[in-house]
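Notes follow the structure.
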Amino acid sequence: MSTKPISVLQFLGSMDYGGVETWLMHVMRHIDRTKFRLDFCYTKPNPGAFAPEIESLGGRMVACLLKKSNPLSFARRFRSVLREGRYDVVHSHVHHFSGFVVRLAHQEQVPVRIAHCHNTSDGKGSAPSRSLYHALMKHWIRKHATHGLAASAEAATALFGSNWQSDSRFRVLFCGIDLEPFRQKVCREEVRKELGIPLDAPVVGHVGRFAPQKNHAFLLEIAAEVIKRRPEVYFLLVGDGPLRPEMEHKARKLGIEKKVVFTGTRADVPRLMLGAMDLFVFPSLWEGLPIVLVEAQAAGLRCVVSEAVPRDANVVEGAVSYLPLSASADEWVTAVVRLLEADGQWRENRLQILEDSRFSIGTSLRELTKLYRMTCGP
């Protein structure tokens, strides 16, 4: 006798390349799809680059466009999606807005309603109207969510409150990565030729959306000073976003445009890390827990990151160095130059360390599916 799969609706802006989206694709690829059916509800006009693969794996992309001027239209559409899909689980990844999502899911009697916080801020300021919105959404999460997940303790505090540990519904779930791409042999010469980078040049890498959170302007200031000291060094910036044109202009203004490679969005981040990068720099203004930093460690890269990054992301001993955002560019430059010259003896057992950690996709998936099953049968 066959058992009906547990139906899960993932809710987010789109399934474009990004940390949360990459983790969800790891989940989609590795979950037992005879026992779980995953659909993805998106609010932006474009479903995202991962959409074709999701559909090839049996998932559906469900449009539910969100316009700030008409939240009631969104609510009607979303409730219709829930009725048609008859979902057992709604898993929302949209920070404070998850409050509205789980409220609507509660009204449609969805048994499991998860608010998942992946960041310590939504980056939209604290004007009185925004603060009121935050308070309302947090209230709805406490009232309507059956569970709350967070990428780190800091992220949990940001969305669920400072006393979140006293509520058994809330917990930290580290987003695991698939380590298989980091076990593959990569031709360094081929990757660097493709990028226009000399084979023997030291390369400092960064992966992230071109948005204020990632602090690219400061990163380029660091790059300019590093290149002054070490003219042979290149910087490789992977990603796209609204600030990319401004950052390309800044690179030209600093006179380093020939030493900074902007790749745009890439689906082969592990390959670029393994084949092109020698060091990873990540001066974010805020973070929940960046999956890309775990990936950098899987690639055997030393990392220089801001103290805004939770320490939970430091998985491989000796891999990650933290600097305060208040430190001068010169202090960051000194750290970058020093680590470019450091040895890589610690790299040998990195994959085993990550495999045994809570950041492996196997561990992450077991914890997640246990939660999905909690009120939905075996």
message: Could you check whether His118 and His95, counting side-chain N and O atoms only, form a donor-acceptor pair closer than 3.5 Å?
response: no

field: Distance-minimising heavy-atom pair for Ala201 and Tyr234
entry: CB-CD1, 3.7 Å

query: Thinking salt bridges, do Arg266 and Glu194 make one under a 4.0 Å N-O criterion?
result: yes

message: Checking His147 against His116 for the ring-ring contact (aromatic ring centres under 6.0 Å, His included) test, could you report, in this order, the C-alpha distance in whole Å, the side-chain angles of both residues, the deciding distance, and whether it holds?
response: CA-CA 8 Å; His147 303 86; His116 199 151; over 10 Å; no

- prompt: Are Phe235 and His206 an aromatic pair by the rule of ring centers under 6.0 Å?
  reply: no

Aromatic plane relationship, Tyr17 with Phe50 - under 30° parallel, 30 to 60° tilted, over 60° perpendicular: perpendicular

- request: For Asp88 and Ser7, test the side chains for any donor-to-acceptor distance below 3.5 angstrom and give the result as yes or no.
  value: yes

- prompt: Would you call Glu248 and Arg244 a salt bridge, using N to O less than 4.0 angstrom?
  reply: yes

Tyr372/His91 under side chain to side chain contact (heavy atoms under 4.5 Å, CB included): CA gap, chis, key distance, verdict: CA-CA 9 Å; Tyr372 287 168; His91 189 164; 2.7 Å; yes

- prompt: Between Lys214 and Glu287, is there a salt bridge with N-O shorter than 4.0 Å?
  reply: yes

field: Ionic contact status for Asp200 with Arg192, cut-off 4.0 Å
entry: no

- request: Please check if any side-chain donor atom of Arg79 sits under 3.5 Å from a side-chain acceptor atom of Gln107, or the reverse.
  value: yes

message: Do Glu84 and Ser80 pair up side chain to side chain, a donor and an acceptor below 3.5 Å, judged on atom types alone?
response: yes

- prompt: Do Arg311 and Tyr322 meet the cation-pi criteria used here (NZ or CZ under 6.0 Å from the six-membered ring centre, within 45° of the axis)?
  reply: yes

query: Could you go step by step and tell me if Met28 and Trp23 meet the side chain to side chain contact (heavy atoms under 4.5 Å, CB included) rule?
result: CA-CA 9 Å; Met28 184 70 178; Trp23 174 64; over 6 Å; no

- prompt: Are Glu55 and Arg60 close enough for a salt bridge, meaning some N to O gap below 4.0 Å?
  reply: no

- prompt: When you check the gap from the basic side-chain N to the acidic O, do Glu180 and Arg29 get nearer than 4.0 Å?
  reply: no

message: Just verifying a value: how many Å separate Leu82 CG and Cys64 SG, rounded to the nearest 0.5 Å?
response: 8.5 Å

query: What distance do Lys143 atom NZ and Arg103 atom CZ have between them, rounded to the nearest 0.5 Å?
result: 7.5 Å

- request: Verify the distance criterion only: is there a donor paired with an acceptor across the side chains of Asp330 and Ser328 at less than 3.5 Å?
  value: no

- request: In sequence, state the C-alpha distance, the side-chain angles, and the governing distance for Glu190 and Arg271, and then conclude on salt bridge (charged side-chain N to carboxylate O under 4.0 Å, His left out).
  value: CA-CA 11 Å; Glu190 178 184 292; Arg271 175 174 172 267; 3.5 Å; yes

message: Give me the atom names and distance for the closest heavy-atom approach of Cys303 to Leu279.
response: N-CD1, 4.3 Å

field: SB check Glu225 Lys228 (cutoff 4.0 Å)
entry: yes

message: When you measure from the side chain of Arg302 to the backbone of Gly318, do you find a donor-acceptor pair of N or O atoms at a distance under 3.5 Å?
response: yes

- prompt: Would you say the side chains of Asp39 and Tyr87 form a donor-acceptor pair under 3.5 Å?
  reply: yes

- prompt: Does the pair Phe40 and Tyr42 meet the rule for a ring-ring contact (aromatic ring centres under 6.0 Å, His included), with working shown?
  reply: CA-CA 6 Å; Phe40 293 76; Tyr42 61 97; 10.0 Å; no

task: Could you please spell out the steps behind the ring-ring contact (aromatic ring centres under 6.0 Å, His included) verdict for Phe78 and Phe100?
output: CA-CA 11 Å; Phe78 186 59; Phe100 195 26; 8.5 Å; no

- request: Mark yes or no for whether Lys193, through its side chain, and Leu199, through its backbone, hold a donor-acceptor pair below 3.5 Å.
  value: no

